There are 4 protein chains.
Amino acid sequence: MTQGTAEDAGPVSPLPERLLRAATHLFAENGYENTSVQEIVTAAGVTKGAMYHYFAAKDDLLYEIYHRLLALQAERLERLAGGTGTPEERLRAAAVDVIGTSCEHLDELTVFFRSMHLLPKDKRKAVRAERRRYHERFRSLVEEGQRSGAFRPDVPADLAVNFFFGGVHQLSTWWHPDGPMGPREVGEYYVGLFLNGLCPLEA
Amino acid sequence: MTQGTAEDAGPVSPLPERLLRAATHLFAENGYENTSVQEIVTAAGVTKGAMYHYFAAKDDLLYEIYHRLLALQAERLERLAGGTGTPEERLRAAAVDVIGTSCEHLDELTVFFRSMHLLPKDKRKAVRAERRRYHERFRSLVEEGQRSGAFRPDVPADLAVNFFFGGVHQLSTWWHPDGPMGPREVGEYYVGLFLNGLCPLEA
Amino acid sequence: MTQGTAEDAGPVSPLPERLLRAATHLFAENGYENTSVQEIVTAAGVTKGAMYHYFAAKDDLLYEIYHRLLALQAERLERLAGGTGTPEERLRAAAVDVIGTSCEHLDELTVFFRSMHLLPKDKRKAVRAERRRYHERFRSLVEEGQRSGAFRPDVPADLAVNFFFGGVHQLSTWWHPDGPMGPREVGEYYVGLFLNGLCPLEA
Amino acid sequence: MTQGTAEDAGPVSPLPERLLRAATHLFAENGYENTSVQEIVTAAGVTKGAMYHYFAAKDDLLYEIYHRLLALQAERLERLAGGTGTPEERLRAAAVDVIGTSCEHLDELTVFFRSMHLLPKDKRKAVRAERRRYHERFRSLVEEGQRSGAFRPDVPADLAVNFFFGGVHQLSTWWHPDGPMGPREVGEYYVGLFLNGLCPLEA
DNA sequence: GATGAATGAGTTTTCATTCAT
DNA sequence: GATGAATGAAAACTCATTCAT
């Protein structure tokens, strides 16, 4: 009777997911502060009450967007960083991978870096903690490589990681999914720059 | 007529400056949309009428913040990029310098990347154009170095510049003026990473 | 069928009672308008559907709280006022008794005087009518005493009853069940004041 | 040019006063919770923004209503209680007077006793403190009379004062300004009841 | 009987901006 | 030049009630 096919699937997609998708898109497009709850629920095809049934506040949507992306990336980093291979191989794989997921979730990434500061204190703290854990796992990979002699020991690992993620976060200002470069390509270039710099190796 | 004589201050009243300083600080602290005009004028010690005498709208403050930082950095880039020395020397100098001014104007930088999207379309376009000119001057320096053989030619210059500025914009998330590292030190590290990467030169 | 046998509970399910108890407590604590239906059903350990099965609307709870207290007090007044003894004895007994039941049902009393005006017109009218009947029965007792010469005839009986019940309704602003005075003691004092005033009898 | 007469009186009455008057009337009529800010400002002939220019929140109106009535009554009590005459004379005068001002400010009184519990904690505390001071001044008058032998010493003064003010607060449930009894008359009756009780003096 | 997702009309509050003085 | 009272449009959020299951 509804638009579902044969199964008893109910609505096409659960409401919370639909709301998050709509919110992510609108936040990325117009900014969190310029997006009203009304616009979100209209985009999701429901009313405000429905949204507040699932999310206690507008900033819960924001938090959830961050949290999901972070959880996804943290899980993948864990797997790749804890895999086999030299530290350099693992760092390279992890770095290319995070660029891949960042490109796939460009809207989330945009929202993340523009609007994290708009979260209420407690949620901001939670996100920061999740972020820090992620950062530290990445940093430990750099340090491993420094101890093994694969990386220069004279650059603080913390600083190097911050530098690299700056580039990652910047992605959304210039990269577009339908542009000439694919995520994989961007990843290889970025990681190349990160690990080898601009100067020719034999110079 | 006012208390300024003939010195560098010029004949302009210091009021617009005071307003911009207050706005910059509050925008960086609480976000543009969470800062009311009332808070700004209170912080600057004036009234709303006075502010609207100098700025047509709240977003004029935002625009002006961007514009001034960009103008400053563009002017310095012009000077350094057009100076003497090899392309690598000039790029290095320009890169260290932009990190220096970014550290000196950390609030402006923060506001820039958090709130640019909140500008009305026309002002946003203007800022983007200024930004693009800046980016292009920087990129041309990279290209010069690629042509001269100082830099690897296999990395798109655009991408490299974006990568580097990602790191620069990220600065405000981890660097603090009273932390252990000075702007100069950060600059050297960043530029080192950018130009030489993480891997030892003889590997 | 349920767990109640043949005892005083009767065949009625305890659910409406549980809801009313929870509502009474919450209304007294936070006010009618500051208490949501959700809070009531949560406190009663049921769901909204269950509540709406027994009560057509939130204000039915309010009405029922009033109605039950009034019915209880009216029944007791009837018994005492229609008993034996002089009018003075019967008024004294009735007055002490109403203070007793008021102290026992302090939450209901609180709700009554704070929130009666929030009832929709028709229910408010019903409560007022019940209240008036109660008042009139009490007043007739005073008038009886005035006719018998036990009470001063120069005070309008209506006014005297209103004066007395003012004191009763005020109870919830200062009396607490675990304070130093018991309901009986308060009753004796109040009735003493009402019937004899503050001035010494031989003055 | 406006509707003022000859003087430069400006608007007929200052806006805050107009708002308070409108709010008092509506709160008394329909209850605080059933009165929207919109209704208040409409009644006062302005817009919401204007109201929030003078009152930080809806409950500020509530607080102000209480506070003004209490200040008025406290000042009058102070004058009468500290005057000349026997304690009985002064208590009588003060009691009649408070009934007078209560009748004159019946709406405020109604609002007071229905809605004090709706104030936020801090304002509620402030009102309670003001109220307690008032109560204590009144009580001290009763105690003075008890020490002088004019009043029965066997009734706790606190309780007597509570009893009396119960009657006062009850006023708004039965007295109307255009009814047969004037404030003075009510006052005399109430005070008569309070001081002499219902029973004939020679009984 | 009972559930709880969803509604929709309502609430208080905020704030950039204007304009009479 | 400067003030600050007032506007008006919009915001986030609440909640009693309904209804398909």
Side-chain angles (χ1 to χ4, degrees), chain A residues 1-2 8 10-11 14-16 19 32-41 44-61, chain B residues 1-2 13 15 32-42 46-62 120, chain C residues 1-2 13 15 32-42 46-62 120, chain D residues 1-2 8 10-11 14-16 19 32-41 44-61:
Chain A
M1 206 181 235
T2 61
D8 63 346
L15 187 41
L19 285 163
Y32 176 79
E33 312 100 311
N34 277 341
T35 303
S36 70
V37 169
Q38 185 57 60
E39 286 172 301
I40 298 167
V41 298
V46 288
T47 59
K48 275 188 272 197
M51 192 209 98
Y52 281 99
H53 188 72
Y54 292 103
F55 298 92
K58 188 188 173 190
D59 54 50
D60 263 23
L61 291 166
Chain B
M1 206 180 239
T2 61
S13 143
L15 208 158
Y32 176 75
E33 295 283 8
N34 283 337
T35 303
S36 70
V37 168
Q38 186 57 63
E39 287 173 300
I40 298 167
V41 298
T42 299
V46 291
T47 60
K48 280 196 258 193
M51 192 208 98
Y52 279 99
H53 185 70
Y54 292 106
F55 297 93
K58 186 187 176 190
D59 52 48
D60 266 22
L61 290 166
L62 194 53
Chain C
M1 207 181 238
T2 61
S13 144
L15 208 158
Y32 176 77
E33 295 282 9
N34 283 337
T35 303
S36 70
V37 169
Q38 186 57 62
E39 285 173 300
I40 298 167
V41 299
T42 299
V46 292
T47 59
K48 280 197 256 194
M51 193 209 96
Y52 279 98
H53 185 72
Y54 292 105
F55 297 92
K58 187 188 174 190
D59 53 48
D60 267 22
L61 289 166
L62 194 53
Chain D
M1 207 181 234
T2 60
D8 64 345
L15 187 41
L19 284 163
Y32 176 80
E33 311 100 311
N34 278 341
T35 303
S36 70
V37 169
Q38 186 56 64
E39 286 173 301
I40 297 168
V41 298
V46 288
T47 58
K48 276 188 272 197
M51 193 209 98
Y52 281 99
H53 188 71
Y54 292 104
F55 298 94
K58 188 187 174 190
D59 53 50
D60 263 23
L61 290 166

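A, B, ... follow the sequence lines: proteins, then strands. Residue 1 opens every chain. In this text the structure is predicted, and so the values were computed from the model without any measurement. Note that these values count all heavy atoms, side chains included, but never hydrogens, waters or copies made by symmetry.
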inquiry  = Determine whether A:Leu19 and A:Val46 satisfy the following criterion, side chain to side chain contact (heavy atoms under 4.5 Å, CB included), listing intermediate values before the conclusion.
reply    = CA-CA 9 Å; A:Leu19 285 163; A:Val46 288; 4.1 Å; yes

Nucleotide by nucleotide, nucleotides 16-21 of chain E touches protein heavy atoms under 4.0 Å in the pattern (B base, S sugar-phosphate only, - none) SBB---

So CG of B:Asp60 and OH of B:Tyr52: to nearest 0.5 Å the spacing works out to 10.0 Å

Heavy atoms of A:Pro16 and A:Tyr54 approach each other most closely as CG-CD2, 3.6 Å

Stem ranges of DNA chain E by first residue number, counting only runs of at least 3 Watson-Crick or G-U pairs under 3.5 Å, come to E:2-21 with F:2-21

Distance col, row A:Tyr32:OH vs B:Glu33:CD, nearest 0.5 angstrom, shows 11.5 Å

Atom CD1 of C:Ile40 and atom P of F:dC15 are separated, to the nearest Å, by 11 Å

Output for pair (B:Met51 CE, B:Gln38 CD), nearest 0.5 Å, gives 10.5 Å

Distance col, row D:Leu15:CG vs D:His53:NE2, nearest 0.5 angstrom, shows 9.0 Å

C:Asp59 meets the side-chain hydrogen bond (donor to acceptor under 3.5 Å, both in side chains) criterion, sequence neighbours left out, with C:Lys123

Determine: side-chain N/O of D:His53 to OP1/OP2 of F:dA6, distance under 4.0 Å, yes or no. no

From OH of A:Tyr54 across to P of F:dC13 the rounded distance in Å is 18 Å

In whole angstroms, the gap separating C1' of F:dG4 from CG of D:Leu15 amounts to 13 Å

C:Asn34 CG to E:dG10 P, in whole Å, measures 20 Å

message = Once you apply a heavy-atom cut-off of 4.0 Å, does A:Val46 come out as touching a base, just sugar-phosphate, or nothing?
response = sugar-phosphate

If you apply the rule side chain to side chain contact (heavy atoms under 4.5 Å, CB included), what do you find for B:Val41 with B:Thr47, and how did you get there? CA-CA 6 Å; B:Val41 298; B:Thr47 60; 5.7 Å; no

